[in-house]
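Data first, discussion second: the structure below is written as structure tokens.
First the proteins, then the strands, lettered A, B, ... as listed; each starts at 1.
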Amino acid sequence: MSDISVKYGDRAGSVPLGATVLDAIKEFDRDASKSALAAKVNGEEFDLDRELPSLDGAVEIEAIVPETRDGLEVLRHSTAHLLAAAVLDLYPGTKLGIGPALLDDPRYGFFYDVITPEPLSVDDLPKIEKRMQQMAKRNLKYRREDVAKAKILEIFKDRSEPLKCELIDEKVEGSATVYYIDDSPFIDFCLGPHVPHTGKLKAFKLLALSGAYWKGDAEREQMQRIYGTAFFSKEELDAWLKQREEAAKRDHRKLGQELDLFSIQDDYGQGLILWHPKGGIVRMEMENFLKEKLQEHDYSFVYTPHIAKRDLWKVSGHEDNYADSMFAPTTIEDTEFRLKPMNCPFHIGIYKSSKRSYRDLPQRYSEMGTVYRAELSGTLHGLMRVRGFTVDDAHLFVRPDQVLAEVGDCLDFAVDVFETYGFEKVNFELSVRGEAENKKFLGADEDWEQAEAALAKALNERGIPFERIEGEAAFYGPKIDIKVEDAIGRTWQLGTIQIDFNLPERFGLEYVGEDNHPHRPFMIHRALFGSVERFFGVLLEHFAGAFPFWLAPVQVAVLPITDRINEYAESVAEALKKAGFRVEANTRSDKVGAKIRDAQMQKVPFMLIVGDQELEQGNIAVRERSKGDLGSMSVEDFIEGAARLKASRSLSNDLA
RNA sequence: GCCCGAGUAGCUCAGGGGUAGAGCGCUUCCUUGGUAAGGAAGAGGGCAUGGGUUCAAAUCCCAUCUCGGGCUCCA
């Protein structure tokens, strides 16, 4: 037999022995053979110019084509190699690290880690990109070769690439593949597959230069990471770049400045937030809303200090396991104290303050608890990663038989709250103990089983789809993490519901059961926002600074057309203030156009324009920030509509 | 913490070995104009900090501080 039988989709046929993957695709699908980047042969990824293996039975072939996830991966991975080739070309002696495609990262599409003889600077990126473009135009072939391990090691030793040798040593048994790019000093140890030649790479861009440790280990070599992205067409790339600009416009740090919401000042400390009046009022509204909900769900409110004796942190285990993230102790009259990185031990103190009966449970303590963590300076980022922040914390002390109902209530609570904030997509992840052997989990097996079952059941009862992740539980118990998707499709991990077997044990928590014997309660940690600061940042980006009416720092701007109307404008503002709204009357001697522009830039939901006509008729002309002129109405009607928006915490500014 | 980059007026930024610049904002004056910028004048800065080099440093060099992009998602 000199033919190989081939299956392509639902069709079958045969090709002569020695035919390449591409030859085979041509037999079945001319279009795909032109656009294909690589292929899957019996499920394994293959380069197009590889010979088809002759195996028993039919060989199944599937073309990897553009506009698919697999295609994108091949494209970006190949582009990463083109990048490495260009760097090697421009900077001989460069050592290579790894260069994967990134498919799920919204910021970048691939990277390559390198160590160049002289450190690269951002000015080098355009040069490298230009070289990549030159190479792309020349349709240089990617060549694959299967080589024995000893030989590969030799190749990379000769090129003095110790990092590659390390990788090869770890990953290879027997033989492996290396790739070359024609007419380039590039050789890489790589699984493939790649596009057949560089001409397939038509739309790429280098985006950033940063540092990266070899294997992410701060003890190892510091490398330079070049980030870029690639798409199938120039149009897609341009669209993506534009969307990236849009995202940059929403940056909460920029908006925080422009809208005068908060600041972070060196004189006060990195990672420490100063909330300005306008940010403060938004935060207050957020907290008020939460407090209402907490009361509805029968939580109690507690307040605890920011600092506690060091010994307490020894009992809680934080001294042993979390000390790196805690501020150093401070001493007064020979006693050491430390700032709190978490609120839990304090809530435990409240639980322990008296003997609890099974009738007293559950106890639900909530607190906007401000905590301090000694984050490394390089990881700080606006409101998203800070050193002092406030957790919308709650700890529930429950009997084992109450876990299901309590977790269920937490879920309802979360869904309700996130819906109000306009997050339409909320994703849940259940992290369980699983099979992970390298992790030590505390607590009795039966407790784990019961708790994991209760978490899953609570989700199922509500018909909430969730992802179950084995081995990702905390060492002290299983958990449900809550992630939301924002207006431009980015996901943010926010809330969490965690069962804790550890702290009740450490602090010897008890309640007296129906049987008059002591029992150990379960503890549930529960936060919806995680950090109020961070959630505020997420909201700011989600709304692009245009807060819904109930949250807006300034809800209404009254804009008189001439100075003659100032007095009337003030009286309208006064009436609105009395009705409970946040109003500013702009009585400067600007033209209305300028006043409107001002209010638009500050993203004020409603502008009330008043001139001679309004004064005469005793009404107002309403302009909504995105809908524009709504015509005139009476102050009373406006107040009525606005009051409805406020009371319902509406996301729209629909007055009717 | 580490790598690259950046710190100039309240904000956004230009400049660059030889007298400190613009726009916005702010103050005052003129203007009273119907839905995204009317006009003029003025105030405001040891150019992040500390050292050097130089006749001369905001500018060049070193250090420090802060900010920004990042720090194993199959080779």
Practice problem: Could you list by number each residue of residues 602-615 of chain A showing a heavy-atom separation from RNA chain B of less than 4.0 Å, or answer none if no residue does? | Solution: I609(A), G611(A), D612(A), Q613(A), E614(A)
Quiz item: What does E375(A) touch in the nucleic acid at a heavy-atom separation under 4.0 angstrom: a base, only the sugar-phosphate, or nothing?
Solution: nothing
Quick one: which protein N/O atoms are closer than 3.5 Å to N/O atoms of nucleotides 38-47 of chain B? Pair and distance per line, please.
none

Practice problem: Confirm from the modelled atom types if D563(A) and U32(B) form a donor-acceptor pair under 3.5 Å, side chain to base only. | Solution: yes
Quiz item: Is any side-chain N or O of E73(A) under 3.5 Å from a base N or O of C74(B), one able to act as donor and the other as acceptor?
Solution: yes
Exercise. For Y108(A), answer base if it contacts any base atom (sugar-phosphate contacts may also be present), sugar-phosphate if it contacts only those atoms, and nothing otherwise; contact means non-hydrogen atoms under 4.0 Å.
Key: sugar-phosphate
Quiz prompt | S121(A) vs R588(A), nearer the 5' end of RNA chain B by closest nucleotide | solution = S121(A)
Quiz item: So what does A621(A) hit on the nucleic acid, given a heavy-atom distance under 4.0 Å: a base, only sugar-phosphate, or nothing?
Solution: base
Exercise. Extract the stems that RNA chain B is part of, considering only consecutive pairing runs of at least three Watson-Crick or G-U wobble pairs, both distances under 3.5 Å.
Key: B:1-7 with B:65-71, B:10-13 with B:21-24, B:26-30 with B:38-42, B:48-52 with B:60-64
Self-check item: Near-strand residues of residues 146-167 of chain A, defined as heavy-atom separation under 4.0 angstrom from RNA chain B
Solution: L167(A)
Quiz item: Going by the salt bridge (charged side-chain N to carboxylate O under 4.0 Å, His left out) test, which pairs reach into residues 552-573 of chain A, not counting sequence neighbours?
Solution: R564(A)-D612(A)
Exercise. Answer yes or no on whether R143(A) is positioned over the face of Y180(A), meaning its NZ or CZ is under 6.0 Å from the six-membered ring centre and within 45° of the axis.
Key: no
If you restrict it to nitrogen or oxygen atoms, what contacts under 3.5 Å exist between nucleotides 10-13 of chain B and the protein, and what is each distance?
none

Self-check item: Inter-nucleotide C1' distance (C2(B), G23(B)), Å rounded
Solution: 38 Å
Quiz item: Below 3.5 Å, does any donor atom in the side chain of R564(A) face an acceptor in the base of U32(B), or the other way round?
Solution: no
Quiz item: Looking at the rings of F466(A) and F428(A), which for Trp means the six-membered one, are their centres under 6.0 Å apart?
Solution: no
Quiz item: Among the nucleotides G1(B), C71(B), G69(B), which one has an atom lying closest to any side-chain atom of Y227(A)?
Solution: C71(B)
